[in-house]
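Within every chain, numbering begins at 1; the chains are lettered A, B, ... in the order of the sequence lines, protein sequences first and strands thereafter.
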Amino acid sequence: MTDEYRFSEIEPKWQAAWEKDGAFNTPNPGQPGFDASRQKFYCLDMFPYPSGAGLHVGHPEGYTATDIICRYKRMRGLNVLHPMGWDAFGLPAEQYAIRTGVHPSITTREAIDNFRRQLQRFGFSYDWSREFGTIDDDYYRWTQWIFLRIYNAWYDTNARRARPIAELIDELQSGRRLACGNPDGSEPVRRDSGEQQQRRWSELSELEQRKIIDSYRLAYVGEQTVNWCPKLGTALANEEVIDGKSERGGFPVFRKPMRQWMFRITAYGERLLDDLTLVDWPESTKKRQIDWIGRSDGAEIDFPLSGVADCSALRVFTTRPDTIFGATYMVVAPEHALVEALLKHPLPDTDVPRLRDYVAAARNRSDLERKESREKTGVFIGAYATNPFTKQRIPVWTADYVLAGYGTGAIMAVPAHDERDFEFAAAFDLPIRDVVYPRPVLAMRYYAENAQPEEAEGSAWIDVMADFMGLTVTSDCPLDQFAGQLRVVRARRAEHPQTPQSPADPAPATAVNRRGSIHMTWRDAIESMNFVDFADMAATLHHGGYYARLGRAYSGNGHAVNSSGPDISIDGLLTEFAKNAVIKHAETSGIGAARTQFKLRDWLFSRQRYWGEPFPIVWDERGHHHAVAESCLPVRLPEMADYAPEESDDPRPLLAKAAAWVNTTAGDAGVRGLPAGAAVRRETNTMPGWAGSCWYYIRFADPKNNERFVGRAAEQYWLRDGVDLYIGGEEHAVLHLLYARFWHKVLFDLGEVSTPEPFRKLFHQGLITSFAYQRADRSLVPMDEVDTPRDGEFIERATGQPVRQIIAKMSKSLKNVINPDDIIASYGADTFRLYEMGMGPLEASKPWNTRDIIGPHRFLQRVWRLVVTQDEDSPDGWRLNPRIAQARNDSVERLLHKTIKKVQNDIESFSFHTAISQMIVFSNEAPKPDSIGRDQIERLLVVLAPFAPHITEELWQRLGHADSVHAQPWPAYDETLTRDATVEVLVQVNGKKRGHLLVAPDAADHDVIDAAQALEAVAKEIAGRPIKKSFVAKGRLVNLIV
RNA sequence: GCGAAAGUGGCGGAAUGGCAGACGCGCCAGACUUAGGAUCUGGUGGGGCAACCCGUGGGGGUUCGAGUCCCCCCUUUCGCACCA
């Protein structure tokens, strides 16, 4: 070898050596080589979905970051678990297989092999002995096992945790629990209408018992309106639908009722929300989960219906029970059962054809159309309800602005205090009645009722009222002091009769002026209402028509007004108290109760696809589901030649085609509790792609375990406090990260894992984007069709027209996709790693620019030459750089300590780009002195090793070491050596730079000030004037004020 | 519409309230080389011969001192979007 840095020889050489030695394999507790005295560090990458296209430059960004951290943590003496695997079931693999005509098990294996090969070229320090894919029998066997654990569990709302179904049966049998369906179940189980018909468990038929038990299961079969995507041939979870299109592929999605496996994730809504306080996650991600879970506190209240068959009351959910006196009409979703009932048995006022048309139109309206047009539409359904507080008869409408899936699918409309209701009321001329006033409107109303007769004449009232509103608002006075405040206003007006005409009015007395400004504000507000005269104003407020007049709803808090009924009055109460009063009254009179709603829906877990985990479930001839025994897992996918979807509106699962697999016997399927010969049909749905990623981080702790999904000791060691660092893309903020938390919590409740949260610290790497070019008409030009004659100037070659450089996602059509293999071939993996880590902050999205790669490459060449030099006389063609000496160089030593400190701190704070720049500074300075200590260059190599593992290992070896640079302890730095012996202090006069001083870093302030004054340029500037004040920022700057 | 983040040289980016632009690219000059550059050295925000002046999206403010803190506005990106 010569003096050249031959990365293409060095990198494969060391990769092979590390693999041979198992250099980064980590023993588990109890295994040889395990050191229990060391702290653990579980560092996890979001494992990739191996696509046929191979690795993208975005993948190694997060992986390099975790690799640096892991190598660093090992040097700091921690036991590091750093695994890698493959998320390989799911739609994309299946669609790729369909396109290529090759079975997904083959294409997926090929894609995995390719991904592994590509990843290994980066020299990542994964423990490859723990590698697995979600499609491995050994793995999905346990995915199915966990499904059964969830299936055989129920949520005890009193204990706030999941419990085994056996304990539920025990409670039911012993009579400790009422023998009725799950009252909190969201699936449409026929709720035993007469709860009084309490029967004993033993009196129920087996069928009845089964129904009750099933209604409690955390995994249940529900008939629900789901998101059906004909193009993909499967239903999708809510989380997989974005703007009415499928998250994968962007195909249209329609609503369709289907019988599906669901997970009762809603039972965990509150804990999924509350436990976000336990984790160290980006605020934005927490917020997205909070929004997705969407908790709202309010009440359910029944409004009696008159004359509707089968339906005596309409139940609504509201977060503003305090506004119930303003509920002037009701709205139900077009899908609501009441609409259906009225279509069957119309009332005299029901316009059946119109109603039928509206419901049909609403059903066919996609989410997308709904979003585009927010025009309020609706139809009166002919029914009337009674507002239980005002006792007034109010009409019931149906409108698609009320969603069937939220709350009860019905609302009480309070147009004065809800924007949507206001728009609807305005469109259909429904009454709008104020029931909440904030302080100023309250003051207005008070004045309207208490004006003196002479004020009511003409327009004098406007000035008095403006003053009164201003005073009551600024003094925040309670209602019972309004009378006194009004007297104050009148007294002041008597003293200062002249009202300022504008805020800028140059009235001398500031008190008058201040009053003037506030006065004008309120005067403007009053005048903008366009009241004809006092009587008009007074009448508007008297009848609660203020917001109708204003033209918009007021949805804030305030005092209840116009809120007295035959049974109860809440007038004057502040919103929070008014809410409580209404709820209390509703509870005591049996028409309602406090209720918390979640936006989160139960998780649709069935897919009608081939390439996924089969459910360990069979159906008997009576249509009952049965679990496959744990000992008979896994349930393997049948071999199928034809797994292409038929694009259709008929959601028939693909596996149904595999008749020989589907039709089996209880004995063959491994179902207990049925005769072995009983004919059963296997469940033909498969699990969604998310299933495998819900628990892979647990399996990594003990991937070869055949007895359990994870060994107890391994779980308790590696997952104590959860995964210590989890790095991956932000796009999984509500999908994978919510699902995995849910599974983890169920396993926690059932005693299978020991922590409530899976991922303690989460970090999102930014997107690697690329440049693209845009014409004046905003159309895009591929990257290779643009010339750059001058910096910052871009010309489209074909037309000669200037184009604009923009940042865009990498895409094939823009020809700006980067293949990591090409970059590694040209520059090596170490350069690639340094380039990507040096681009900028890890969390920021940043554009790839191949032109810049040469920078980090030059840096590595410089490091190479620091150690190795060409020597034709030597047998190998090289020798150590003769500058390397035994004695340390002092200035290099200080810089080295600075460098170690900065790199260490920057790694800890994920600030890799500034760590790299510091090492470049070192490499720029280190060649300057005549010699450099051998241990100095060695310490640099150790510090650089996590970033550039191959070149440092090679140079470490050439320096004569038999061990690995990656096994070295992290070098210590001495704080005193990180500071310079003398510092240059900036001297300012009146904040302007006037000179510099060289002083000791701890020089006394007065000495620095004296020295500063002595400077010629400073003396000239001061010109004998006295120094009024001076500031010293130690070791940085001195500022003299004259 | 609501919410969050971000706007700094030709480009990527740096900067505990204390010399704006570290470091890298590019560019300029020079060196080595038959040559080349994936080599080396030096320079490089703008204006001015210079002293000096101007510069962190725009406008105000706090401060001895603001890219950094506060208020208003503009732009971009990303979420959410009839959730009662």
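Whole-Å rounding puts the A/Met839 CE to B/G24 P distance at 17 Å. For the pair A/His417 NE2 and B/C82 C1', the computed distance is 19 Å after rounding to whole Å. The distance from atom CD of A/Glu984 to atom C1' of B/G18 is 14 Å, rounded to the nearest whole Å. Note: CD1 (A/Ile853) to C1' (B/A38) measures 11 Å, nearest angstrom. Straight-line distance from the CZ atom of A/Arg994 to the P atom of B/G18: 21 Å, rounded to whole Å. A straight line from CZ of A/Arg1036 to P of B/G17 spans 10 Å, rounded to a whole angstrom. Atom C1' of nucleotide B/A84 and atom CD of A/Glu423 are separated by 14 Å, given to the nearest angstrom. The distance between atom NZ of A/Lys898 and atom C1' of B/A22, rounded to the nearest whole Å, is 12 Å.
Among the atoms of the strands shown, only primed sugar atoms or phosphate atoms (P, OP1, OP2) are found under 4.0 Å from some heavy atom of A/Gln861. When heavy atoms are screened at a 4.0 angstrom cut-off, A/Asp291 is found touching no nucleic acid atom at all. Residue contacts shown for A/Gln597 are absent, as no nucleic acid heavy atom lies under 4.0 Å away. If you check every strand for non-hydrogen atoms under 4.0 Å, A/Lys846 touches sugar and phosphate atoms only. Across all strands shown, A/Lys1028 has no heavy atoms under 4.0 Å from either base or sugar-phosphate atoms. Nucleic acid contact class of A/Ser284 (heavy atoms, under 4.0 Å, all strands): none. Within 4.0 Å (heavy atoms only), A/Tyr827 reaches no atom of the nucleic acid at all. A/Ser296 comes within 4.0 angstrom of sugar-phosphate atoms only, judged by non-hydrogen atoms across all strands, and of no base. At a threshold of 4.0 angstrom between heavy atoms, the contacts of A/Ile411 include nucleobase atoms, whether or not backbone atoms are also involved.
Counting all heavy atoms, side chain and backbone alike, A/Pro415 lies closest to A/Gly326 at CD-O, 3.8 Å. When every heavy atom of A/Pro334 is checked against every heavy atom of A/Tyr358, the shortest pair comes out as CG-CE2, 4.2 Å.
Relative to the side chain of A/Lys928, the nucleotides B/C19, B/G42, B/A84 differ in distance, and B/G42 lies closest. Counting only heavy atoms from C-beta on, A/Ala1033 has its side chain closest to B/G18 among B/C25, B/G18, B/A14. In the set B/C19, B/A84, B/G24, the nucleotide with an atom closest to the side chain of A/Tyr406 is B/A84. Comparing B/C11, B/C53, B/C82 against the side chain of A/Arg851 picks out B/C11 as the nearest. In this structure, the nucleotide among B/C23, B/C64, B/C82 sitting nearest to the side chain of A/Asn1039 is B/C64.
With RNA chain B read from its 5' end, the first of the two nearest nucleotides for A/Gly405 and A/Lys993 is the one closest to A/Lys993. Both A/Phe771 and A/Thr319 lie close to RNA chain B; mapped to their nearest nucleotides by heavy-atom distance, the more 5′-ward contact belongs to A/Phe771.
Put simply, A/Phe1031 rests on the base of B/C64: the two rings are less than 5.5 Å apart at their centres and nearly parallel, under 30°.
Looking at A/Asp302 and A/Arg315, a side-chain N of the basic residue comes within less than 4.0 Å of a carboxylate O on the acidic one, giving a salt bridge.
Checking the phosphate oxygens (OP1, OP2) of B/A14, a side-chain nitrogen or oxygen of A/His913 falls inside 4.0 Å. Between A/Asn924 and B/G24, a side-chain N or O to OP1/OP2 separation shorter than 4.0 Å is present. Between B/U41 and A/Arg862, no contact under 4.0 Å exists linking OP1 or OP2 to a side-chain N or O. When the side-chain nitrogen and oxygen atoms of A/Arg288 are compared with OP1 and OP2 of B/G3, none of them lie within a distance under 4.0 Å. Residue A/Arg858 places at least one side-chain N or O closer than 4.0 Å to OP1 or OP2 of B/U39.
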Pair A/Asp297-A/Thr596, side-chain hydrogen bond (donor to acceptor under 3.5 Å, both in side chains): steps then yes or no: CA-CA 4 Å; A/Asp297 296 306; A/Thr596 299; 2.7 Å; yes
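To the nearest whole angstrom, the two P atoms, one in B/U33 and one in B/G13, are 40 Å apart. Distance check on atom C1': B/G47 versus B/G55 gives 10 Å, rounded to whole Å. Atom name C1', nucleotides B/G24 and B/C32: the rounded distance is 24 Å, in whole Å. Between B/G17 and B/G61, the two P atoms lie 23 Å apart (nearest whole Å). On the P atoms, B/A51 is 34 Å away from B/U63, given to the nearest whole Å. B/A35 and B/G30: their P atoms are spaced 15 Å apart (whole Å). Distance check on atom P: B/A31 versus B/G45 gives 24 Å, rounded to whole Å. The gap from the C1' atom of B/U8 to that of B/G21 amounts to 7 Å, rounded to the nearest Å.
Between the side chain of A/Arg865 and the base of B/U39, no donor-acceptor pair under 3.5 Å is found. A donor N or O paired with an acceptor N or O is found under 3.5 Å between the base of B/C19 and the side-chain atoms of A/His996. You won't find any donor-acceptor pair under 3.5 Å spanning the side chain of A/Gln988 and the base of B/C19, going by distance alone.
Remark: B/G45 base-pairs with B/C54. Criterion, Watson-Crick or G-U wobble with two distances under 3.5 Å. With a cut-off of 3.5 Å on both Watson-Crick or G-U wobble distances, the partner of B/G30 is given as B/C40. In a base pair of the Watson-Crick type (N1 to N3 plus N6-O4 or O6-N4) or a G-U wobble (N1-O2 and O6-N3), with each distance short of 3.5 Å, B/G3 is matched with B/C78. Base pairing of B/C25 is made with B/G10, judged by Watson-Crick or G-U wobble geometry with both donor-acceptor distances under 3.5 Å.
Using a 4.5 Å heavy-atom threshold, the side chains of A/Lys599 and A/Ser296 count as separate. Side-chain contact between A/Lys928 and A/Glu925 is present, with heavy atoms from C-beta onward closer than 4.5 Å.
Under the 3.5 Å distance criterion, the side-chain polar atoms of A/Arg833 are left unmatched by any main-chain donor or acceptor of A/Ile68.
Aromatic pair A/Trp848/A/Phe832: centroids less than 6.0 angstrom apart. A/Phe7 and A/Tyr5 have their aromatic ring centers within a separation under 6.0 angstrom.
Under the 90° criterion around 0 for the glycosidic angle, B/G55 counts as anti.
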